[in-house]
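Worksheet: one structure, shown below.
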Amino acid sequence: MTSSDDRRTTIEADPALPVIRIVREFDAPPARVFRAWTEPELVARWLGPRDRVMKIDTWDARTGGSYRYSALAGDGAGDGAGPASEVIASFYGSFHEVRRDSRLVQTFTFEGVPDGVSLETVVFEPVGEGRTRVSSLSLVDSLATRDAIMASGMDRGVIEGYAQLDELLAAG
């Protein structure tokens, strides 16, 4: 299985292994991309589909730290003044290794499927001209789990999220 957008995101599932590999290049050096990946106020601005608001509950991006966030429909204010702020999904995990500007190893769990934890390794590498290639490898417990994730529409969230990250990086 492979899907990609017309920019640069490649999402692949090896037919023989319970893994998902995502590769994308960004027009910014590794330090800026890594910062956008690890500072909670920046993560909330680009993570996930465009029609969702990410509410960061906890975000401690250091080796041994943890995180939890929710995807909300509506404006995310929850004050009743705007559209509804219904929680669509919540996620949590632990940062196993945070190596500044180059590597993250973390777990990822969708609260709706607590037995489906994945181990993710994200590598940030310079590719010249101030650009960065981000390669993510997610390992799950079975081919069935991997196929369920691939069929969930996760590609939309990844592709739209990365487009929002492009916009964030372009804004400085």
Side-chain angles (χ1 to χ4, degrees), residues 1-14 17 19-72 76 89-110 117-140 146 149-150 152-172:
M1 269 182 271
T2 299
S3 68
S4 65
D5 66 359
D6 58 357
R7 272 200 48 118
R8 297 165 283 191
T9 305
T10 300
I11 303 172
E12 300 175 316
D14 185 313
L17 299 171
V19 300
I20 299 171
R21 181 180 312 276
I22 302 172
V23 179
R24 173 70 142 76
E25 290 186 11
F26 295 93
D27 296 329
R32 287 189 55 217
V33 177
F34 186 84
R35 180 175 172 247
W37 222 275
T38 55
E39 292 190 12
E41 63 277 359
L42 298 177
V43 172
R45 293 173 55 189
W46 66 265
L47 186 64
R50 288 190 182 278
D51 62 348
R52 300 290 184 252
V53 173
M54 293 301 154
K55 177 180 172 275
I56 306 291
D57 297 317
T58 61
W59 193 273
D60 183 11
R62 62 179 175 83
T63 298
S66 64
Y67 67 88
R68 184 181 185 280
Y69 66 91
S70 296
L72 309 176
S90 295
F91 309 91
Y92 65 92
S94 300
F95 292 104
H96 180 75
E97 178 184 9
V98 178
R99 193 179 310 161
R100 188 178 181 100
D101 303 340
S102 64
R103 178 180 160 96
L104 285 173
V105 179
Q106 65 187 50
T107 60
F108 176 87
T109 301
F110 167 40
V117 65
S118 68
L119 178 63
E120 300 178 342
T121 300
V122 184
V123 176
F124 304 79
E125 54 187 331
V127 290
E129 301 179 7
R131 298 174 47 79
T132 301
R133 178 178 301 120
V134 176
S135 302
S136 167
L137 181 68
S138 298
L139 171 65
V140 295
R146 187 228 30 222
I149 292 170
M150 291 293 286
S152 72
M154 60 78 77
D155 57 333
R156 178 179 154 240
V158 170
I159 291 168
E160 289 183 16
Y162 285 1
Q164 294 178 105
L165 179 53
D166 280 335
E167 294 161 12
L168 177 69
L169 294 168

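The chain is numbered in sequence order, starting from 1. For clarity, every value in this text was computed on a predicted model and none was experimentally measured.
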**OP:** Would you check, one step at a time, whether the test salt bridge (Lys or Arg N to Asp or Glu O under 4.0 Å) holds for D101 with R32?
**Re:** CA-CA 8 Å; D101 303 340; R32 287 189 55 217; over 6 Å; no
Original post:
Does the pair W59 and V43 meet the rule for a side-chain contact (heavy atoms from CB on, under 4.5 Å), with working shown?
Top reply: CA-CA 10 Å; W59 193 273; V43 172; 3.8 Å; yes
Original post:
Would E125 and S135 satisfy side-chain contact (heavy atoms from CB on, under 4.5 Å), going step by step from the backbone distance to the final call?
Top reply: CA-CA 8 Å; E125 54 187 331; S135 302; 4.0 Å; yes
Subject >> Donor-acceptor under 3.5 Å (T121 side chain, V105 main chain) >> reply: no
Original post:
So, E97 side chain and T63 main chain: donor-acceptor pair closer than 3.5 Å or not?
Top reply: no
**OP:** Walk me through it: do Y92 and F108 pass the test ring pair (Phe, Tyr, Trp, His ring centres under 6.0 Å)?
**Re:** CA-CA 6 Å; Y92 65 92; F108 176 87; 8.9 Å; no
**OP:** Report the C-alpha separation of Y67 and D57 in whole Å, then their side-chain angles, then the decisive distance to 0.1 Å, and conclude whether the side-chain contact (heavy atoms from CB on, under 4.5 Å) test is met.
**Re:** CA-CA 7 Å; Y67 67 88; D57 297 317; over 6 Å; no
Original post:
Quick one: do E25 and R8 make a salt bridge, cutoff under 4.0 Å?
Top reply: no
Original post:
Is any side-chain heavy atom of V123 less than 4.5 Å from a side-chain heavy atom of R133?
Top reply: no
Subject >> Candidates V19, L17, V140 - the one meeting side chain to side chain contact (heavy atoms under 4.5 Å, CB included) with R146 >> reply: V140
Original post:
Do other residues, nucleotides or ligands put more than 12 heavy atoms under 6.0 Å from R68 CZ?
Top reply: yes
**OP:** Begin from the C-alpha positions of Q164 and R45 and carry the test side-chain contact (heavy atoms from CB on, under 4.5 Å) through to its verdict.
**Re:** CA-CA 8 Å; Q164 294 178 105; R45 293 173 55 189; over 6 Å; no
Subject >> Residues which pass side-chain hydrogen bond (donor to acceptor under 3.5 Å, both in side chains) with T109, listed by chain and number, not counting sequence neighbours >> reply: none
